[in-house]
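Here's the structure we're looking at; comments come further down.
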Amino acid sequence: MYETVIGLEVHLALSTNSKMFCSCPAESQKNEANTASCPVCLGLPGSLPTINEHAVEKGIMFSLALDCQVPKRTQFHRKHYYYPDQPKNYQISQYDHPVGEHGKLSLSNGRQIGITRCHLEEDAGRLVHPSYVDYSLVDVNRAGTALIEMVTEPEIESSDEAREFLRKIRAIAQALGISDANPEEGKMRADVNISLRKAGEELGTKVEIKNLNSFKSVQRSIEFEIKRQTRILEDGGKIRQDTMGWDDGGQKTYLMRTKEGEADYSYMPEPDLPPLIISQEQIKQIKAKTPELPDSKLARYLELKIKEQDAKQIAIDLHISKFFDEVSTSYSGNSQTIANWLTGDIAGYLNNNQLKIQETKLSPQNLRKLLELIDSKTISGKVAKDILEDVINGHDPAKLVEERALGQISDNSAIIAIAQKVIDDNPELVERVRANPKAINALLGLVMRESKGKANPELVRKTLQDILA
Amino acid sequence: MTAHEIVSKIKSKKLSAEELISQALKKAKIVQEKYNAFITIDDKAINKAKELDTKISNGEELGLLAGVPVVVKDNICSKDLRTTAGSKILETFIPPYNATVVERLEAAGAIVIAKANMDEFGMGSSNENSAYGIAKNPWDSSRVPGGSSGGSAIAVATGVVPFALGTDTGGSVRQPASFTGTIGFKPTYGQLSRFGVVAYASSLDQVGVIARSSQDLALAMEAMSSHDKNDSTSIKNTNLEFLKSVASKKDLTSIKIGLIKELCNEGNSDDVLGILQETQKQLEGLGASVETVSLENVRYGIASYYLVAPAEASSNLARYDGMIYSNRVGENSEGQIDIMMKTRGELFGPEVRKRILMGSYALSAGYYDAFYGKALKVRKLIANDFARAFESYDFLMTPTTPSVAYKIGEKTDDPLAMYLDDIDTVLANLVGIPAISLPMGQSKDNLPIGIQFFAPALKDETLLQLSNIIEQNSTNFAPIVKI
């Protein structure tokens, strides 16, 4: 059997207002082609780049969150290759003085994955290929937007670990607010380096899979490559150091280029941008405004005695965790109750409707009110579930209860009357309950139905027991 | 007329801007006919002159350079006015923006009348590498005017304009000034913004000024030099006061000048050595002490320069591929790679192609440390030599070039000899310090000879003071060449 050795390169689009080296708007991919351009990002003769300080700050914040060392001096380099979507035919990137180095990230199985480096760079534009013509078109709206690239050590051992790693990176980026980290919108892309070896042997020859734009394709392509490479090695063959693409339709990797076809990037220090000096003061300031990271949230939730599975699910999602925290600060009941609703019925609703919590009108105040209505026994859990959809759609649960007269019946005489009627109408059931007291739930259900869910279930149970005793 | 005289006549309404600019344009056309000094002459300049006259009659406040006609080297972007950098590949490029230096000159009231001929992308020392024809030296039209800012030097030497902008990557302002009997000034790296200057070698490129008067030079520097946020290498907070300081000293009492031993020897022509000696006497006569000083690493200057400059050029010129804005050779059906290769192969001249090849080689994987990396180390060593020398001397001096302007075609078959002519000038670019070439005399054949002075970084003002003192104590300093 072979061990799998995986290293990841992850590109995140930084959420800055302007591009990395000019003042053009960064969020313009959906705009008309070539509307977000200026002499700098078009690479016009004589234009010069200037560094977007917000991008550098976000790069430093991300690096610190991954436990990287941030150097005193960071520098940009030019990486040369000719391609029509890259107006200057070089990309301004970082080489031997990146913004962060030597970091780490822990997985849930306790293994630590080393982060080799984090570096800032500019993105390329986009080529458009219209049908039935002999030309392609260039759209430079994306050219020059800010990216951070993160590279891991070859320490990931399985497709599951790779997927978890990416989920954690996304959660961290979102928690920090440095990137939307949304693969569907191209805000997060990954390259996979993968090789196999026998236990205890040197690293095998690696294959690189480029431009994976979903977590699923990362996972599937790794699984495919493990099978492909295993087959070759078992037949006594050798792995060639190739660059592969992923065919999502055919669910297989394909050859993009061999090592011989690889570009010599001729890295050169960017003479138009003097090295940046990063002061301890600046690092202190960035640390001070760094939002809480998912792992710290998780620890906090576990301390609140929330079930681990729920705590993880909440902590990894920026918006759900924010929502949880807001409910939690004003709600005096059990934290697990909030967790139950968020990971249960609310998560179910969001999932069924393909929504995210921040896209709904559900407010923390209204969820808190709903929980308090249950706690005060004003409504039953069932009623609460019935009105949840309306609450998610922005209705105030207290008003709903009032308008629809959903208040729970806690009046003894009313409940006794309903219970007596149900007992009278169902002699066979009564017989069964007398034989087996556990069957009382059937009677209880009928009373609840009769009361349209408004009866206080504990009171109903007690009343039934009293009458039948 | 000097720029000072023009501004005073315009302000006192003795002369209208329209008259003045139309005369300058007329003269530019004559000079163009004889010496091919320009790539584009802008007749629209007349409209700007008329606008200025309206301002004057409205009593509006006027800038430092009101009505002064200027010539700008054709690698400095001028809004709505073609900017070719001397190359076919940019034959149709009309910048949508002004270089910061042009913006500032115009804001001060100067009017750009023409874009000057030059060696393609600044690569050359003779103006023979222009895609728009060879320019000729007005002192002797069978000789080169120097380069790469040859056209700018001709425009000033012939009196079309009082000053012109050039760029100086390895001597491209100082050497043509030396060949045409004008003053050529290269400021400290970062003193003038490079924004809008078509890049040749970014870490060496610097805008410079060619003039006939030290005070005009100060006027131009005053108008252009202050921090530019669009250029990250632009110096912050220098606040030099060129105009105030240029004439503040009368002599060179207690000034110490070092003559760089390695560059003042038999490598120079007798004419040049003769003028060097006369200059030394003149300086001493003005109160300075002149001594010989050794800077042992300057002999590696050319080797270092001809690695650093082509390497950066190969990167800077990568963008000219016919894809987005430059001219294109080839059909769509041939595909992007073929179009890029044809465009670059056919539209770049031979010297540019040669330097791109040398530079790409120097930067390629496995060779970086041996070439570019080592060149950067040598650069540091030379800078250390200068720093040490400046502990003892206010200025260092050398000839600007080892010989006078040579015949057109004389050195085109011997590129190494041509490169070696830059031996004195490249040092200022490698170290990033200011340097000036002053017209100190003439050869037996009546060709001008320039002497070069270096000052420490940021001491730009002192070079202008030195220039002014020498100018005030000379006769026929930087004369207008009769055409």
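The structure displayed is predicted, hence computed values, not measured ones. Naming convention: chains lettered A, B, ... in sequence-line order (proteins, then strands); numbering from 1 in each chain.
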[X] portion near chain A, given a 4.5 angstrom heavy-atom threshold:
X      : answer
B:N316 : both
B:I339 : neither
B:A99  : neither
B:Y189 : side chain
B:D231 : both
B:V198 : both
B:F93  : side chain
B:Q336 : side chain

If you count heavy-atom pairs under 4.5 Å with chain A, which of [options] comes out on top?
options                       : value
B:A199, B:A85, B:S364         : B:S364
B:S203, B:G196, B:A201        : B:G196
B:S315, B:A365, B:P96, B:A311 : B:S315

| Interatomic spacing from CD in A:Q75 to NE2 in A:H119 - rounded to 0.5 Å |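 It comes to 13.5 Å.
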
| Atom CG in B:N117, atom OG1 in B:T84: separation rounded to 0.5 Å? |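 One gets 8.0 Å once the value is rounded to the nearest 0.5 Å.
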
| query | How about residues 368-378 of chain B versus chain A: which residues have heavy atoms under 4.5 Å apart? | reply |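 Within residues 368-378 of chain B, the residues that come under 4.5 Å of chain A (heavy atoms only) are B:Y368, B:Y372.
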
State whether [X] and [Y] are salt-bridged, where the test is any N-O pair (Lys NZ or Arg NE/NH1/NH2 against Asp/Glu carboxylate O) under 4.0 Å.
X      : Y      : value
B:D168 : B:K73  : no
A:E101 : A:R117 : no
A:R126 : A:D85  : no
A:R142 : A:D123 : yes

| said: Less than 6.0 angstrom separating the ring centers of B:Y97 and B:F195, yes or no? | reply: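 So the answer is yes for these two rings.
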
| message | Can you confirm whether or not the ring centre of B:F121 sits under 6.0 Å from the ring centre of B:Y200? | response |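 Aromatic pair excluded; centres sit 6.0 Å or further apart.
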
Heavy-atom pairs under 4.5 Å with chain B, option from [options] with the top count:
options                      : answer
A:P39, A:P49, A:P271, A:S136 : A:P271
A:G43, A:P274, A:P87, A:P269 : A:G43
A:Y82, A:Y83, A:Y90          : A:Y82
A:I51, A:L44, A:L42          : A:L44

| Residue of the set A:T258, A:V207, A:T205 for which side chain to side chain contact (heavy atoms under 4.5 Å, CB included) holds with A:R240 |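 It is A:T258, the one option of A:T258, A:V207, A:T205 that forms the side chain to side chain contact (heavy atoms under 4.5 Å, CB included) with A:R240.
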
Between the main-chain N or O of [Y] and the side-chain N or O of [X], is there a donor-acceptor pair closer than 3.5 Å?
X      : Y      : value
A:S279 : A:Q282 : yes
B:Q206 : B:L192 : yes
A:N52  : A:H54  : yes
B:E120 : B:G349 : yes

| Using non-hydrogen atoms only, which part of A:V140 is less than 4.5 Å away from chain B: side chain, backbone, both, or neither? |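 Contact with chain B involves the side chain of A:V140 alone.
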
| field | Structural part of A:Y267 lying under 4.5 Å from a heavy atom of chain B | value |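 Just its backbone gets close to chain B.
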
| request: Look at the rings of B:F348 and B:Y320 and say which category their plane angle falls in: under 30° parallel, 30 to 60° tilted, over 60° perpendicular. | output: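 Taking B:Y320 first and then B:F348, their aromatic rings stand perpendicular (interplane angle over 60°).
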
